[in-house]
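If you read the sequence from its start, that first residue is 1, and numbering goes on from there. Quick note: numbers below take in every heavy atom, side chains included, and nothing from hydrogens, waters or symmetry partners.
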Amino acid sequence: MSRKVVRASKFRHVFGQAVKADQCYDDIRISTMTWDSNFCSVNPKFVSMIVDASGGGAFMVLPLNKTGRIDMSYPTVCGHTGPVLDIEFCPHNDNIIASGSEDCSVMIWEIPDGGLTSPLTEPVVKLDGHSKRVGILNWHPTAHNVLLSAGSDNVIILWNVAQGGAVVRIDTVHPDLIYSACWNSDGSRILTSCKDKKLRVLEPREGTVLFEKEKPHEGSRPVRAVFVSDGKILSTGFSRMSERQVALWDPTNFGEALTLQELDTSSGVLLPFFDPDTGIVYLCGKGDSSIRYFEVTDEAPYVHYLSMYSSKESQKGMGYMPKRGLEVNKCEIARFYKLHERKCEPIVMTVPRKSDLFQEDLYPDTIGPEPSVEADEWFAGKDAPPILISLKDGFVATTKAKEFKVHKSLLKTTTASAGSQPESSGEVHSLRKEVQDLKAALQELTKRVRELETKD
């Protein structure tokens, strides 16, 4: 009699848990735009989310420790003239964030340590080149200051951000709206999914199609795809009957899926987040109230369902913390920042372990913040794998974060805050004088009242 043996995996018991209410970010009006991006980006210093803005577009950047109720008057980044559709922190400098908007522009912002003290309206760099709204942004994982943007004009542009210019323009490949675009681990390939029901693997500098797959999912709703380990591709989409599916592909043999699983019937697009260190992929549906997670391995059926984190509230967006921002002594293997209508709630994924010691099997060396190649070298054809760091003693930056340098000839940004300092100090002086005058008048009046009372 054969007994079914349960597959051995150290991630079988991973569980998700929302943090306590006082650790959430409350009273934030999250954007109501109907766009399938994450709406949230996070790193070990800041969490940022796209917020509702009357006239133009804005997003909020908060230091991670600024939890609790956020004041209505808290300053935002509000330089776009149309709604913001996507934001992404630079992986090589935690103070730099890129934003794409309906106003057809991409802007690069520098956030001061400790967060904003006044509204930020002037970007460090403004990148113009798209003719329609820009809905997808993705920083290059290893090259310094290289940014990918994709717009509703069906064009992908690769920017050299420090020079403020477009270097590669891929405008003949996609005949319809681009649903997703992402890099592989060393940034030598781009993977896109498009409304014409095709997955494409591109050579980024040439803009040529290396592999393509027609109809990875039969349904007509948006498909999302990411690179997973060993160059394989994981896609999420819909069947003809609008059932949500997850599939794994080998681009060198695109004919047949390695596995294709049906999950449920729901209309929300599944956003995949892949962790290369553990081989776990997390699927977060927009409008869902759950996060499903699977382990991707080399043995059939390749994508193994682990478990699901469920809650009552549906998610409007999701931020994913890089590995170096996690608490390793608590065996935390992922942390999500879930956007509700009026708040942002961190959700911690943990492997239950009895020991408090560093668990080497859970934390192999992971991608650090150092770029391994400069923009010019990368555009000239040099690829380099990411520089890895150990998390054994918690991540500590040994080198100063890559300074964000911009060639001044291309930029004519004025530092508005520096210009307005004398004026504001003059205002403070006049206000102080007014307060003193009011105090003096109040003392005069109370003295008068006392005199009148003693007369009576």
Side-chain angles (χ1 to χ4, degrees), residues 6-20 23-24 38 40-45 47 64 89 91 94 141 182 185 226-230 232 234 236 246 248 270-285 288 290-299 302-311 315 317-339 344-369 386-396:
V6 177
R7 189 180 65 90
S9 166
K10 56 191 164 209
F11 303 113
R12 250 185 47 222
H13 302 291
V14 171
F15 68 97
Q17 202 168 20
V19 299
K20 293 190 174 77
Q23 295 295 301
C24 295
N38 298 352
C40 179
S41 185
V42 59
N43 67 27
K45 275 189 189 176
V47 55
L64 275 193
F89 275 112
D94 287 344
C182 69
S185 60
V226 288
F227 278 109
V228 293
S229 38
D230 304 330
K232 292 191 178 72
L234 183 127
T236 64
V246 59
L248 191 70
L270 286 166
L271 309 175
F273 296 91
F274 179 67
D275 176 5
D277 302 344
T278 58
I280 296 179
V281 66
Y282 302 87
L283 303 184
C284 311
D288 285 13
S290 61
I291 301 172
R292 284 185 180 81
Y293 36 105
F294 298 80
E295 191 175 354
V296 181
T297 66
D298 295 335
E299 57 188 74
Y302 305 107
V303 179
H304 309 272
Y305 175 73
L306 289 172
S307 186
M308 179 161 77
Y309 163 79
S310 295
S311 60
Q315 56 229 18
M318 198 64 86
Y320 180 63
M321 175 67 85
K323 251 325 189 335
R324 58 195 169 90
L326 303 180
E327 293 190 40
V328 290
N329 58 338
K330 293 184 180 170
C331 296
E332 184 182 349
I333 58 162
R335 193 187 312 153
F336 289 95
Y337 284 74
K338 172 180 168 180
L339 301 185
C344 172
E345 174 186 48
I347 292 163
V348 175
M349 298 286 178
T350 312
V351 176
R353 293 272 167 103
K354 290 196 171 88
S355 167
D356 284 345
L357 298 173
F358 179 71
Q359 308 287 317
E360 296 203 12
D361 60 327
L362 297 184
Y363 301 104
D365 287 358
T366 190
I367 297 166
I387 296 172
L388 303 180
I389 54 165
S390 167
L391 295 175
K392 182 148 191 178
D393 303 310
F395 170 67
V396 182

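Closest approach of A334 and L326 over heavy atoms only: N-CD1, 3.7 Å. Closest non-hydrogen pair, E327 versus Y363, comes out as O-OH, 4.0 Å. Looking at every heavy atom in both residues, I389 comes nearest to P369 through CD1-CD, 4.4 Å. M308 and S310 get closest at one heavy-atom pair: CE-OG, 3.7 Å. Nearest heavy-atom pair, E345 versus A18, reported as atom, atom and distance to 0.1 Å: OE2-CB, 3.4 Å. In plain terms, the two heavy atoms of F358 and L391 that are nearest each other are CE1-O, 3.5 Å.
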(request) Take L270 and C284, measure what side chain to side chain contact (heavy atoms under 4.5 Å, CB included) needs, and give me the verdict at the end. (result) CA-CA 5 Å; L270 286 166; C284 311; over 6 Å; no

(request) Decide salt bridge (charged side-chain N to carboxylate O under 4.0 Å, His left out) for D365 and K323; before the verdict, give the C-alpha distance in whole Å, the side-chain angles of both, and the deciding distance to 0.1 Å. (result) CA-CA 10 Å; D365 287 358; K323 251 325 189 335; over 6 Å; no

(request) Assess whether side chain to side chain contact (heavy atoms under 4.5 Å, CB included) is satisfied between V281 and F273, documenting all intermediate values. (result) CA-CA 6 Å; V281 66; F273 296 91; 6.0 Å; no

(message) Would L339 and M318 count as a side chain to side chain contact (heavy atoms under 4.5 Å, CB included) here? Give the steps.
(response) CA-CA 6 Å; L339 301 185; M318 198 64 86; over 6 Å; no

(request) Apply salt bridge (charged side-chain N to carboxylate O under 4.0 Å, His left out) to the pair R353 and D361, showing each step before the final yes or no. (result) CA-CA 12 Å; R353 293 272 167 103; D361 60 327; 3.0 Å; yes

(request) For side chain to side chain contact (heavy atoms under 4.5 Å, CB included), just list the numbers for K232 and V303, CA-CA rounded to whole Å, side-chain angles, deciding distance to a tenth of an Å, and then say yes or no. (result) CA-CA 12 Å; K232 292 191 178 72; V303 179; over 6 Å; no

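Side-chain contact between Y302 and V296 is absent, with no heavy-atom pair separated by less than 4.5 Å. Side-chain contact check for V19 versus I347: every heavy-atom pair is 4.5 Å or farther apart. At a threshold of 4.5 Å between non-hydrogen side-chain atoms, the residues P141 and I367 do not count as touching. Put simply, the side chain of V14 does not reach to within 4.5 Å of the side chain of T350, judged on heavy atoms. Taking 4.5 Å as the limit, every side-chain heavy atom of V42 sits out of range of all side-chain heavy atoms of F89. The closest side-chain heavy-atom distance from C24 to C344 is not below 4.5 Å.
The six-membered or imidazole ring of F274 lies away from that of F227, with a centre-to-centre distance of 6.0 Å or more. Y320 has its ring centre less than 6.0 Å from the ring centre of F336.
Panel note: side chain N43, backbone D94; a donor-acceptor pair is recorded below 3.5 Å.
Separation of atoms NZ (K45) and CG (L64) is listed at 11.0 Å; rounding is to 0.5 Å. Note that CG of L283 is 12.0 Å distant from OH of Y293, once rounded to the nearest 0.5 Å. A distance of 7.5 Å separates CG in L271 from OG1 in T236, rounded to the nearest 0.5 Å. Note that the CZ atom of R335 and the NZ atom of K330 stand 8.5 Å from one another [nearest 0.5 Å]. In this structure, the separation between OH on Y309 and CD1 on I291 is 7.0 Å, given to the nearest 0.5 Å. Interatomic distance, Q359 CD to I333 CD1, rounded to the nearest 0.5 Å: 12.0 Å.
A donor-acceptor pair shorter than 3.5 Å can be found between the side chains of S311 and K338. Between the side chains of E295 and S9, a donor-acceptor pair is found at a separation under 3.5 Å. Under the 3.5 Å distance criterion, with hydrogens and angles disregarded, a donor-acceptor pair is assigned to the side chains of H304 and T297.
Atom CG of D298 has 12 or fewer heavy atoms from other residues, nucleotides or ligands within 6.0 Å.
A salt bridge is defined here as a Lys NZ or Arg NE, NH1 or NH2 lying under 4.0 Å from an Asp or Glu carboxylate O, and E299 with R7 fails to meet this definition.
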